[in-house]
**Student:** 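For reference, the structure I am asking about is given below.
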Amino acid sequence: MKDPYKVLGLDKSADPELLQSKYNELRDLYGEQRFRSGEEGNEGARKLQELEEAWVLISADLKRDTVNQNTNVGFSAVDELIRQGKYDEAQDMLDSIQDRSGEWHYMQAIIFYKREWLTDSKTQLEMALREDPNNSKYRASLDKLNLAMGGPQPQQNRPQQNQSGNNYGPYNNQPPYNDYGGGQPQDMSNCLSTCCCAYCLSDLLCNMMRCC
């Protein structure tokens with residue numbers, strides 16, 4: 001099929017409002033032409049059909065661009081809430097994003113890390129890498145987290161699953177780690193008992209997990 005944007009006489013970089021305006025203009029033109037007699041009417045009908053088919057594809061592109069733009073704005077908002085220490089709000093904002101891309105799992109990993117749920121943070125980073133295997137940011141974050149954790153560790157005080165299956169704990173009513181001051185998991189005590197692990201976690205916090 002002919003390039004749908006060329007049917008409108010424009011290119012893909014054209015402003016959405018200009019695309020819509022040009023489509024409306026040509027639709028009216030060909031819509032009137034198709035009622036003329038002879039070949040001119042046939043040509044108008046053909047062009048109108050071509051225009052409508054092109055507009056279906058262009059509309060899909062515009063919708064996809066809008067979704068991507070909104071998603072990027074959403075991730076920026078999540079990041080800012082994390083920086084402010086508003087983890088509940090960050091989780092709510094993240095849950096509202098439908099595109100579960102590598103960046104979505106990366107953001108979820110950060111929230112889990114800030115809550116000191118290290119095993120769940122690692123799982124999310126691994127999921128991020130499955131979505132985007134060549135992403136150096138995800139890889140470096142996972143490597144640092146593995147170093148900080150000192151290898152695989154059993155998950156303790158694992159957050160409960162909600163009805164949608166997301167493991168992010170009972171945020172609305174109480175902190176997930178009541179016995180540890182609202183955020184200190186039991187399996188962190190052994191790790192933080194050595195200077196090496198403490199240094200690794202500090203480096204991870206500042207360099208990977210967006211420490212302000």
**Student:** Can Arg27 and Glu32 be counted as an ion pair, charged N to O under 4.0 angstrom?
**Tutor:**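 Salt bridge between Arg27 and Glu32, a charged N being under 4.0 Å from a carboxylate O: no.
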**Student:** Could you go through the salt bridge (charged side-chain N to carboxylate O under 4.0 Å, His left out) check for Arg139 and Asp132 one step at a time?
**Tutor:** CA-CA 10 Å; Arg139 172 58 62 187; Asp132 188 358; over 6 Å; no
**Student:** Distance-only check: which donor-acceptor pairs under 3.5 Å involve side-chain atoms of residues 13-22, not counting sequence neighbours?
**Tutor:**
{"from": "Ser13", "atom 1": "OG", "to": "Asp11", "atom 2": "OD1", "distance (Å)": "2.5"}
{"from": "Asp15", "atom 1": "OD2", "to": "Glu17", "atom 2": "N", "distance (Å)": "2.9"}
{"from": "Gln20", "atom 1": "NE2", "to": "Asn24", "atom 2": "OD1", "distance (Å)": "3.2"}

**Student:** Are any of the side-chain heavy atoms of Val7 and Trp55 separated by less than 4.5 Å?
**Tutor:**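 Contact flag for Val7/Trp55 side chains = no.
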**Student:** If we ignore angles and hydrogens, is there a donor and acceptor under 3.5 Å between the side chains of Asn135 and Tyr106?
**Tutor:**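 Absent: no donor and acceptor within the cut-off.
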**Student:** Quick check for you: to the nearest 0.5 Å, what is the distance between Glu50 atom CD and Leu8 atom CG?
**Tutor:** 10.0 Å
**Student:** Would you name the heavy atoms of Ile111 and Ile82 that are closest together and state the gap between them?
**Tutor:** CG1-CD1, 3.7 Å
**Student:** Cluster question for you: counting only ILVMFWY and a side-chain heavy-atom cut-off of under 4.5 Å, with indirect links fine, are Leu48 and Leu10 together?
**Tutor:** yes
**Student:** Under a 4.5 Å cut-off applied to non-hydrogen side-chain atoms, are Leu81 and Asp88 in contact?
**Tutor:** no
**Student:** Could you tell me if Asp120 and Gln124 have a donor-acceptor pair between their side chains, going purely by distance under 3.5 Å?
**Tutor:**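 Short answer, no.
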**Student:** So which heavy atom on Ile58 is nearest to which on Pro4, and how close?
**Tutor:** CD1-O, 3.5 Å
**Student:** Take Gln49 and Arg34 through the test side chain to side chain contact (heavy atoms under 4.5 Å, CB included) and record every step on the way to the result.
**Tutor:** CA-CA 10 Å; Gln49 180 178 355; Arg34 65 176 172 165; over 6 Å; no
**Student:** Using the rule that Ile, Leu, Val, Met, Phe, Trp and Tyr join whenever any side-chain heavy atoms are under 4.5 Å apart, tell me whether Leu145 and Met127 fall into a single cluster.
**Tutor:** no
**Student:** Can you name the closest pair of heavy atoms from Met93 and Gly74 and give their distance?
**Tutor:**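 Between these two residues, the closest heavy atoms are CG-O, 3.9 Å.
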**Student:** Do Ser59 and Tyr23 have side chains that approach each other closer than 4.5 Å (heavy atoms only, starting at C-beta)?
**Tutor:**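 No, too far: nothing below the 4.5 Å cut-off.
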**Student:** Set out, in order, the CA-CA distance, both residues' side-chain angles and the distance that settles side chain to side chain donor-acceptor pair (under 3.5 Å) for Glu131 and Tyr138, then state yes or no.
**Tutor:** CA-CA 10 Å; Glu131 294 291 332; Tyr138 304 162; over 6 Å; no
**Student:** Any idea which heavy atoms bring Glu40 and Gln33 closest together, and the distance?
**Tutor:** O-NE2, 3.1 Å
**Student:** Give me the atom names and distance for the closest heavy-atom approach of Ala109 to Ser121.
**Tutor:** O-OG, 2.8 Å
**Student:** Do the side chains of Arg130 and Glu126 get close enough for a salt bridge, i.e. N-O under 4.0 angstrom?
**Tutor:** no
**Student:** Nearest 0.5 angstrom please: Leu129 CG to Lys137 NZ, how far?
**Tutor:**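 Those atoms lie 11.0 Å apart.
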**Student:** What I'd like to find out is whether the side chain of Phe112 reaches to under 4.5 Å of the side chain of Thr123, using heavy atoms alone.
**Tutor:**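 Phe112 does not reach Thr123 side chain to side chain.
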**Student:** Tell me, do Trp104 and Asp99 make a side-chain contact under 4.5 Å, heavy atoms counted?
**Tutor:**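 No. Closest side-chain heavy atoms not under 4.5 Å.
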**Student:** Looking only at side-chain N and O atoms, does Tyr30 offer a donor or acceptor that is under 3.5 Å from a partner on Glu43?
**Tutor:**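 Judged by distance alone, the side chains do not pair up.
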**Student:** Can you tell me how far apart CG (Leu62) and NZ (Lys12) are? Round to the nearest 0.5 Å.
**Tutor:**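 Spacing of CG (Leu62) from NZ (Lys12) equals 9.5 Å.
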**Student:** Taking the side chain as every heavy atom from C-beta outward, state whether His105 and Leu125 have any pair of such atoms under 4.5 Å apart.
**Tutor:**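 Not touching, per the 4.5 Å side-chain cut-off.
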**Student:** Give, for atom CG of Leu147 and atom CG of Leu142, the distance between the pair rounded to the nearest 0.5 Å.
**Tutor:**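 Spacing of CG (Leu147) from CG (Leu142) equals 11.0 Å.
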**Student:** Checking Gln108 against Gln91: is there a side-chain donor and acceptor pair closer than 3.5 Å?
**Tutor:** yes
**Student:** Hey, what do you get for CD (Glu103) to CZ (Phe75), rounding to the nearest 0.5 Å?
**Tutor:** 5.5 Å
**Student:** Could you give the distance from CG (Leu51) to CD (Glu25), rounded to the nearest 0.5 Å?
**Tutor:** 10.5 Å
